[in-house]
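Written below as structure tokens is the structure these notes are about.
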Amino acid sequence: MVRDGDRWLLDDLQVEFPRFDDRRAGSDYRYAYLPSFPLGPGGDGSLVRYDLTTASRQQWQPGSGCWAGEMVFVPRDGSTAEDASGRRA
């Protein structure tokens, strides 16, 4: 991870705009969820979760010939933890 003022370069994967758990709006958050561009260099159509504390990345691949689009964060019923997602749609 490279930090330049208020911008961070996590890696060279091409991604769309990030989403986070909406319950964290206006507060610090640790995880950002982004779809990777399915076309062009540096993208693979995966859904990516960045841990902004450790600068680590997890990816979910939807399968051959498919790609992830804009996602919505749906927390697990009764959860308060930021990473306690129930589904990603």
Side-chain angles (χ1 to χ4, degrees):
M1 173 171 37
V2 177
R3 185 167 182 170
D4 175 21
D6 291 332
R7 298 180 305 164
W8 293 10
L9 176 61
L10 295 169
D11 61 29
D12 60 357
L13 183 67
Q14 292 185 17
V15 293
E16 296 187 29
F17 291 110
R19 291 295 308 253
F20 57 91
D21 182 345
D22 291 332
R23 298 173 300 171
R24 308 287 303 168
S27 302
D28 290 338
Y29 57 93
R30 179 175 180 173
Y31 300 105
Y33 300 86
L34 309 92
S36 173
F37 288 116
L39 306 172
D44 59 8
S46 62
L47 181 61
V48 183
R49 180 180 93 162
Y50 283 107
D51 182 326
L52 303 176
T53 300
T54 65
S56 62
R57 171 177 89 187
Q58 291 181 323
Q59 288 179 263
W60 173 76
Q61 300 287 343
S64 179
C66 299
W67 57 84
E70 185 175 352
M71 50 86 58
V72 175
F73 188 92
V74 180
R76 188 172 290 125
D77 287 341
S79 73
T80 57
E82 181 180 358
D83 65 342
S85 61
R87 300 177 191 193
R88 292 176 185 93

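Below, each value reflects all heavy atoms present in this structure, side chains not excepted, and no hydrogens, waters or symmetry copies. As the structure is a computational prediction, the values presented were derived from the model and not from experiment.
Looking at residues two or more places apart in sequence or on another chain, you find a side chain to side chain donor-acceptor pair (under 3.5 Å) between S46 and D44, Q59. F20 meets the ring-ring contact (aromatic ring centres under 6.0 Å, His included) test with Y29; sequence neighbours excluded.
Of all heavy-atom pairs between E16 and L34, the closest is O-CD2, 3.2 Å. Nearest heavy-atom pair across P62 and A68 is CG-N, 3.8 Å.
No donor-acceptor pair closer than 3.5 Å links the side chain of S36 to the backbone N or O of V15.
By the criterion of side-chain heavy atoms lying less than 4.5 angstrom apart, applied directly or through intervening Ile, Leu, Val, Met, Phe, Trp or Tyr residues, W67 is not grouped with W60; the two fall into different hydrophobic clusters.
The structure places CG of L47 at 11.5 Å from CD of E70, a figure rounded to the nearest 0.5 Å. Distance check, rounded to the nearest 0.5 Å: SG of C66 to CD of Q61 gives 11.0 Å. Interatomic distance, CG of D51 versus OH of Y31, reported as 4.5 Å (0.5 Å rounding).
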